[in-house]
Amino acid sequence: MGRMLNGTSRVHLAPFTVSWEDQGQCVLAYAREGGMGIVAAVQVPEVPYGAPSLWDVAARHLPTNTTDQDEAYGRWLLCAGWSRSVLPDPNGLDLTGEAWTVNVSKTAMLKAPAYGSDGVYVGYLWFDNPAVNAKAQGLLGVTV
């Protein structure tokens, strides 16, 4: 188990395509904690791609000869999350004040800030309130 972060800051949630071949999606969550961005998946194990490693998703979308993975993958993931905050998905959710926890699987510190963040925590997010978790999972059409 990785580092655990807890918070109640605003979270932007939206379906996110992680596999172009078959349009596989996950629920992407974006939040901020201090000077760091948080980009995490809300696990939906009932669907294919419902619990992806977002770091691996970034690796599949970027050139294989990346010399600094933290910089390249971290910036790509921050862009994916941050864009949800400036152009909300009409099929997404914006939640404020709901308690959440993130199991951080990767921390990437950037050489220079991007999207208002010094780096990114990447992992899996869930809400303390089961009804809110179910609502987030419902973004992929799953009823729990």
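- Taking all atoms of both residues into account, the shortest heavy-atom contact from Leu54 to Ala41 is CD1-N, 3.6 Å.
- Checked against ring-ring contact (aromatic ring centres under 6.0 Å, His included), Trp126 has no partners two or more places apart in sequence or in another chain.
- The minimum heavy-atom distance linking Ala136 with Leu13 is given by the pair CB-CD1, 4.2 Å.
- Hydrophobic cluster membership is shared by Trp76 and Val122, with clusters built from Ile, Leu, Val, Met, Phe, Trp and Tyr side chains linked at under 4.5 angstrom.
- Qualifying ring-ring contact (aromatic ring centres under 6.0 Å, His included) partners for Tyr115, counting only residues two or more places apart in sequence or in other chains: Trp82.
- Annotation: side chain of Glu98 is in contact with side chain of Asn129 (closest heavy-atom distance under 4.5 Å).
- Rounding to the nearest 0.5 angstrom, the gap separating the CG atom in Asn133 from the CG atom in Asp128 is 8.5 Å.
- The hydrophobic clustering, which links ILVMFWY residues whose side-chain heavy atoms are closer than 4.5 Å, places Tyr124 and Val27 apart.
- In the hydrophobic clustering of ILVMFWY residues, with side-chain heavy atoms under 4.5 Å counting as a link, Leu5 and Val11 come out together.
- One finds the NE2 atom of His61 at 8.0 Å from the OG1 atom of Thr17 (value rounded to the nearest 0.5 Å).
- Between the side chain of Gln25 and the main chain of Val18, no donor-acceptor pair closer than 3.5 Å is present.
- With a 4.5 Å cut-off on side-chain heavy atoms, Trp55 and Gln69 count as touching.
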Assess whether side-chain contact (heavy atoms from CB on, under 4.5 Å) is satisfied between Leu93 and Lys135, documenting all intermediate values. CA-CA 9 Å; Leu93 295 171; Lys135 196 173 184 180; 3.9 Å; yes

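- Closest approach of Gly24 and Tyr49 over heavy atoms only: CA-CD1, 3.4 Å.
- Across all non-hydrogen atoms, the minimal contact from Tyr73 to Ala58 is CB-CB, 3.9 Å.
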Carefully, step by step, assess Asp118 and Met109 under the rule side-chain contact (heavy atoms from CB on, under 4.5 Å). CA-CA 6 Å; Asp118 297 321; Met109 297 304 299; 4.3 Å; yes

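- Across Trp100 and Ile38, no two heavy atoms sit closer than the pair CH2-CD1, 3.4 Å.
- Side-chain atoms of Arg3 and Thr107 include no donor-acceptor pair closer than 3.5 Å.
- When side chains are defined from C-beta on, Pro15 counts as touching Asp89, because their heavy atoms get closer than 4.5 Å.
- No side-chain heavy atom of Met4 sits under 4.5 Å from any side-chain heavy atom of Val102.
- Remark: Lys106 engages Asp70 in a salt bridge (charged side-chain N to carboxylate O under 4.0 Å, His left out) (not counting sequence neighbours).
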Audit row: Arg84, Asp94, salt bridge (Lys or Arg N to Asp or Glu O under 4.0 Å) steps and yes/no: CA-CA 9 Å; Arg84 300 310 182 261; Asp94 284 332; over 6 Å; no

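- Side-chain contact between Ser9 and Arg32 is absent, with no heavy-atom pair separated by less than 4.5 Å.
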Set out, in order, the CA-CA distance, both residues' side-chain angles and the distance that settles side-chain contact (heavy atoms from CB on, under 4.5 Å) for Thr101 and Leu125, then state yes or no. CA-CA 6 Å; Thr101 300; Leu125 179 143; over 6 Å; no

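- Residue Leu110 comes nearest to Gly119 through the heavy atom pair CG-CA, 4.0 Å, listed as atom of the first residue, atom of the second, then distance.
- Atom CE of residue Met36 and atom OG of residue Ser117 lie 7.5 Å apart, to the nearest 0.5 angstrom.
- Between Leu95 and Arg10 there is no side-chain heavy-atom pair separated by less than 4.5 Å.
- Within the 3.5 Å criterion, the main-chain N or O of Gln43 finds a donor-acceptor partner in the side chain of Gln137.
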